[in-house]
Amino acid sequence: MKIAILSDIHDNIWRLGALLAGLQADVLLFCGDFCAPFTLAQIAEGFAGPVHAVLGNNDGDRLLLAWVAARFPHVTLHGEFAELELDGRRVAVTHYPEIGRALAQGGVYDLVCYGHSHERAISQVGKTVQVNPGEVMGRFGLSTYALYDTASGQVQIVEVPQ
């Protein structure tokens, strides 16, 4: 199974559109900062597989985000934290790096995903792969996301085409 990991879109619907057009994944995880609810709707309409999302510090209208998520049966808005089992892998999703690093150090998860800093990073903490996919937004550098392969446990950062 291929898991796409995205974070920090900040309403850049143009980069998000380019990402979704070429995305080949089975599940999409979102680590927060849609900003506006229409960004979540774009994900839901552009990706047919399961979508699991957490909220970030720039997701202002949380009620409307929840209403948008409720319109799409394949979208789950988890709130501040998501804990999932995907293809036999234990996965945690949060927005904040400090929380993500602490979760990875606990050794409970195979994959821990976080965003917020807009800085792409992959590291191994014991048996846990820790991933910040960078930013879809592209304001502070490249527009990127990550792909995690549950069969191999490998992850790669992918640049969004411009």
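Every value quoted in this text rests on a predicted model; they were computed, and no experiment measured them.
- Side chain of Gln124 to main chain of Gly126: a donor-acceptor pair is present (N/O by atom type, distance under 3.5 Å, no hydrogens or angles).
- Of all heavy-atom pairs between Gly107 and Thr128, the closest is CA-OG1, 4.0 Å.
- Side-chain heavy atoms closer than 4.5 Å link hydrophobic residues (I, L, V, M, F, W, Y) into clusters, and following such links, possibly through other members, connects Leu40 to Leu16.
- Heavy atoms only, all atoms of each residue included: Ala146 and Val155 are closest at CB-CG2, 4.1 Å.
- Connection of Val27 to Tyr145 is not established within any shared hydrophobic cluster, with ILVMFWY side chains joined at heavy-atom distances below 4.5 Å, either directly or through further cluster members.
- The structure places CZ of Arg15 at 12.5 Å from CD1 of Ile9, a figure rounded to the nearest 0.5 Å.
- Using a 4.5 Å cut-off between side-chain heavy atoms of Ile, Leu, Val, Met, Phe, Trp and Tyr, Trp14 falls into a hydrophobic cluster with Ile13, Phe38.
- Listed here is the closest heavy atom pair of Val160 and Ala18: CG1-CB, 4.0 Å.
- Separating the CG atom in Asp26 from the CG atom in Leu86 is a distance of 10.0 Å, to the nearest 0.5 Å.
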Would you please test Gln156 and Tyr148 for side chain to side chain donor-acceptor pair (under 3.5 Å) and show each step? CA-CA 7 Å; Gln156 64 181 3; Tyr148 176 79; over 6 Å; no

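- With a 4.5 Å cut-off on side-chain heavy atoms, Leu20 and Gln42 count as touching.
- A salt bridge is defined here as a Lys NZ or Arg NE, NH1 or NH2 lying under 4.0 Å from an Asp or Glu carboxylate O, and Arg120 with Glu135 fails to meet this definition.
- Heavy atoms only, all atoms of each residue included: Leu147 and Ala25 are closest at CD2-CB, 4.1 Å.
- Between Leu6 atom CG and Phe30 atom CZ the span is 7.0 Å, to the nearest 0.5 Å.
- Applying the ring pair (Phe, Tyr, Trp, His ring centres under 6.0 Å) definition to pairs two or more places apart or across chains, those involving residues 76-98 are His52-His78, His95-His116, Tyr96-His116.
- The closest side-chain heavy-atom distance from Ile3 to Thr150 is below 4.5 Å.
- Distance alone, capped at 3.5 Å, places no donor-acceptor pair between the Asn58 side chain and the Cys35 backbone.
- In this structure, Leu23 and Phe47 have side chains that are in contact, with non-hydrogen atoms separated by less than 4.5 Å.
- Taking every heavy atom of both residues into account, Asp8 and His118 meet most closely at OD1-NE2, 3.3 Å.
- Side-chain atoms of Asn12 and Ser143 form no donor-acceptor pair, as typed in the model, at a separation below 3.5 Å.
- Atom CZ of Arg62 is surrounded by more than 12 heavy atoms from other residues, nucleotides or ligands within 6.0 Å.
- Look at Asp149 and Lys2 and you find a salt bridge, because one of the NZ, NE, NH1 or NH2 atoms lies within 4.0 Å of a carboxylate O, short of that distance.
- Contact annotation: the side chain of Val158 never approaches that of Thr144 to less than 4.5 Å [non-hydrogen atoms, C-beta and beyond].
- The side-chain hydrogen bond (donor to acceptor under 3.5 Å, both in side chains) test with Asn132 singles out one residue from Ser117, Ser123, Ser7, and that residue is Ser117.
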Decide side chain to side chain contact (heavy atoms under 4.5 Å, CB included) for Asp110 and Val129; before the verdict, give the C-alpha distance in whole Å, the side-chain angles of both, and the deciding distance to 0.1 Å. CA-CA 6 Å; Asp110 299 296; Val129 176; over 6 Å; no

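- Ile43 CD1 to Phe34 CZ: the interatomic distance, rounded to the nearest 0.5 Å, is 5.0 Å.
- At a threshold of 4.5 Å between side-chain heavy atoms, the hydrophobic network of Ile, Leu, Val, Met, Phe, Trp and Tyr places Leu55 and Val136 in one connected group.
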Show your reasoning for whether side chain to side chain contact (heavy atoms under 4.5 Å, CB included) applies to Leu111 and Arg89. CA-CA 7 Å; Leu111 175 65; Arg89 300 282 185 164; 5.9 Å; no

After noting the C-alpha distance and the side-chain angles of Leu84 and Leu29, does the key distance pass the side chain to side chain contact (heavy atoms under 4.5 Å, CB included) rule? CA-CA 10 Å; Leu84 309 161; Leu29 304 180; 3.7 Å; yes

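- With rounding to the nearest 0.5 angstrom, the CD1 atom of Ile99 is 4.0 Å from the OG1 atom of Thr94.
- Contact detail for Cys31 and Ile5: the closest heavy-atom pair is SG-CG2, 3.9 Å.
- Cluster membership for Val131 and Leu103, using ILVMFWY side-chain heavy atoms within less than 4.5 angstrom, is not shared.
- Taken together through direct or relayed side-chain contacts under 4.5 Å among Ile, Leu, Val, Met, Phe, Trp and Tyr, Phe72 and Val93 form parts of separate hydrophobic clusters.
- No hydrogens or angles considered: nothing links the side chains of Glu98 and Tyr114 as a donor-acceptor pair under 3.5 Å.
- We find the CZ-NE2 distance between Phe140 and His10 to be 7.5 Å, quoted to the nearest 0.5 Å.
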